[in-house]
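Some notes on the structure that comes next.
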Amino acid sequence: MNLPVRLRLFVGREDALGWLDSAAQDPGVVVVQAVHGLGGIGKSTLVARWAATHRDQHRPIWWITADSPAALDAGLVALTVALQPALAALPSPSLREWAVRWLACHDGWLLILDNVTDPAHIADLVGRLPGGRILVTSRRATGWPDIVTPLRLDVLEPGQAVALLTAIVSQGGGVIDPAGAAALCVELGHLPLAVEQAGAYLAQTRTSVGDYLRLLAQHPAAMYRDGEEGRAAERTIARVWQVTLDALADDPLPGRLLRALAWYAPEAVPRSLWHHLGDGAGEPAVTRAVGRLAAYNMLSIDPATRAVTVHRLVQAVARTPDPDDPHRQPDDITTARTAATIALTTALPDDWRDPTTWPTWRTLVPHVDVLVSQTRAHATDSDRVAQAHLLNATSLFLLDQGNLPHAIAYLKQALADRRRVLGNDHPDTLASVNNLAGAYDSAGDLG
Ligand SMILES: Nc1ncnc2c1ncn2[C@@H]1O[C@H](COP(=O)(O)OP(=O)(O)O)[C@@H](O)[C@H]1O
Ligand SMILES: [Mg+2]
């Protein structure tokens, strides 16, 4: 079982859990999805809770963050390595295939595909698996095949949100009056993620609810009536974020770290990567800043591996410049993206042929994917040059693994960026041309 979600406090959701129980009587795929794409509403938490309470009925329970085809593949590779550690030195495509075959000829397992962005990404896999059980979470409401049973999840009921807030505050040794708690939960739209972060703030700072509401009021309110609800969730989190980062502003490092972490995949940022994000601040200072962010629930740290998870809604806010928010100044966001690129480049192993480095490579490739795709919309010339280097290095690993389509996509991107910024005759551009030709050669596609 590899559930990444911490299940310290859990409130409500009786209906949804009961619904999952009865859906589990029939074989098939169950999709858990949120109403109108709201992030932070509790999809992953619900599924993790259900899996944990049914752990005796399933073996294994395997969690995959499946927000892209590459992430899905990485999760299947990790499943094989967990089931058969001796196979870890095989290249990734073989490990992926081994996992699919294992699942196809066993039953009793539970596979959780978290945060699927497109039903087409999982169609092949689902089609190959007759036994077992698959739970999917997604913000997508439509486009699922007929075999999929959807469940819609809404924000918490007011009483549940208040119970969550009260529990977090009192766990931190604070007290909160019921009327204040109810008013604050209304202000936060009963969004679990926002309630959790506000509760952590109250517990850490011992601020009164009245004062906290005043701090929130200084920032533009989330308007549930205007526009999509997904946007409203983002506005809610942006206000909580600003108040929290104000409290942490005695040290610039926590804000800097959070802005940089926003460019990686949300889950499993290994310590070997995040400890490079201090920009000269030294490892103890970085560790302390990460610990402070965790105390305010802006991220969570896996106690065993020290890997960091940042909710994708918090990441989305942290990547969006806002001239009115001192913690999201456009220049700071550009700087954070550069820092994220440099840290990732530094964290890559030097040698891609040595099988002992492969586990490290495999933990880092998902972050390369997300960094590069999130940067596209904003890339400056220096982003392009720095990321071309990152793509090139990663493609050597992917090529060696026999993962040609992924490697070729990276090499093409690196070549296009180098052409554009450095020109056709620059040695790095020519090296990219060579690498791409070599990759096509091994693909047997000389076109
Ligand atoms: N039923 C619940 N009880 C307590 N906390 C919850 C509940 N649902 C969600 N949360 C908290 O809210 C945050 C967002 O939930 P998450 O499951 O990650 O949302 P989603 O997957 O829909 O984006 C998490 O940190 C989680 O701990
Ligand atoms: Mg989720």
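Each ligand, and each atom within it, is numbered from 1 in the order the structure gives. Heads up: numbering here begins at 1 and tracks the sequence.
Within the listing of ligand 1, atoms 8 (N), 9 (C), 15 (O), 16 (P), 17 (O), 19 (O), 20 (P), 22 (O) sit less than 4.0 angstrom from a heavy atom of G42. Annotation for ligand 1: atoms under 4.0 Å from non-hydrogen atoms of R13 are 1 (N). The ligand atoms of ligand 1 that sit less than 4.0 angstrom from a heavy atom of G40 are 14 (C), 19 (O), 20 (P), 22 (O), 23 (O). Distances below 4.0 Å separate heavy atoms of L193 from the following atoms of ligand 1: 12 (O), 13 (C), 14 (C). The P192 neighbourhood of ligand 1 comprises atoms 8 (N), 9 (C), 10 (N), 11 (C), 12 (O), with distances under 4.0 Å to a heavy atom of that residue.
Considering backbone and side-chain atoms alike, G39 places every N or O at 3.5 Å or more from each N or O of ligand 1. For a threshold of 3.5 Å applied to N or O pairs, the pair formed by V11 and ligand 1 contains at least one separation below that value. Backbone and side-chain nitrogen or oxygen atoms of L164 are examined, and none is located within less than 3.5 angstrom of a nitrogen or oxygen of ligand 1.
Comment: E97 engages R128 in a salt bridge, judged by a side-chain N to carboxylate O separation of less than 4.0 angstrom.
In this structure, Y264 contributes its side chain and A340 its backbone to a donor-acceptor pair below 3.5 Å. The closest donor-acceptor contact from the side chain of T363 to the backbone of T360 lies under 3.5 Å. Judged by distance alone, with hydrogens and angles left aside, the side-chain atoms of W358 form a donor-acceptor pair with the main-chain N or O of W352 at under 3.5 Å.
Neighbours of the Mg ion (ligand 2) restricted to protein N, O or S atoms under 2.8 Å: the count is 1.
Within the structure, the salt bridge (Lys or Arg N to Asp or Glu O under 4.0 Å) test picks out the following pairs touching residues 358-378 (sequence neighbours left out): R376-D417. Within the structure, the salt bridge (Lys or Arg N to Asp or Glu O under 4.0 Å) test picks out the following pairs touching residues 265-274 (sequence neighbours left out): E267-R312, R271-E283.
Here H311 has side-chain heavy atoms under 4.0 Å from ligand 1, and that is the only part of it that gets that close. At a heavy-atom cutoff of 4.0 Å, ligand 1 is contacted by the side chain of E196 but not by its backbone. If you look at L313 next to ligand 1, there are no close heavy atoms at all, none under 4.0 Å.
A side chain to side chain contact (heavy atoms under 4.5 Å, CB included) with L261 is found for exactly one of L273, V314, V310, T309, namely V310. W63 pairs in a side chain to side chain contact (heavy atoms under 4.5 Å, CB included) with only one of the listed residues (V47, L111, L113), which is V47.
Residues W241 and H219 keep their aromatic ring centres 6.0 Å or farther apart. Aromatic ring centres of W274 and H367 lie farther apart than the 6.0 Å criterion allows.
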Take D250 and R292, measure what salt bridge (charged side-chain N to carboxylate O under 4.0 Å, His left out) needs, and give me the verdict at the end.
CA-CA 12 Å; D250 57 309; R292 288 184 78 196; 3.1 Å; yes
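Between H54 and W50, the angle of the ring planes stays under 30°, which puts this pair in the parallel group of the 30/60° scheme.
Proximity annotation for atom 21 (O) of ligand 1: of A163, S44, A200, S44 comes nearest, heavy atoms only.
Ligand 1 lies nowhere less than 4.0 angstrom from a heavy atom belonging to T137. Using a non-hydrogen distance threshold of 4.0 Å, G12 does not register as a contact of ligand 1.
In this view, T137 and D114 satisfy the side chain to side chain donor-acceptor pair (under 3.5 Å) rule, not counting sequence neighbours.
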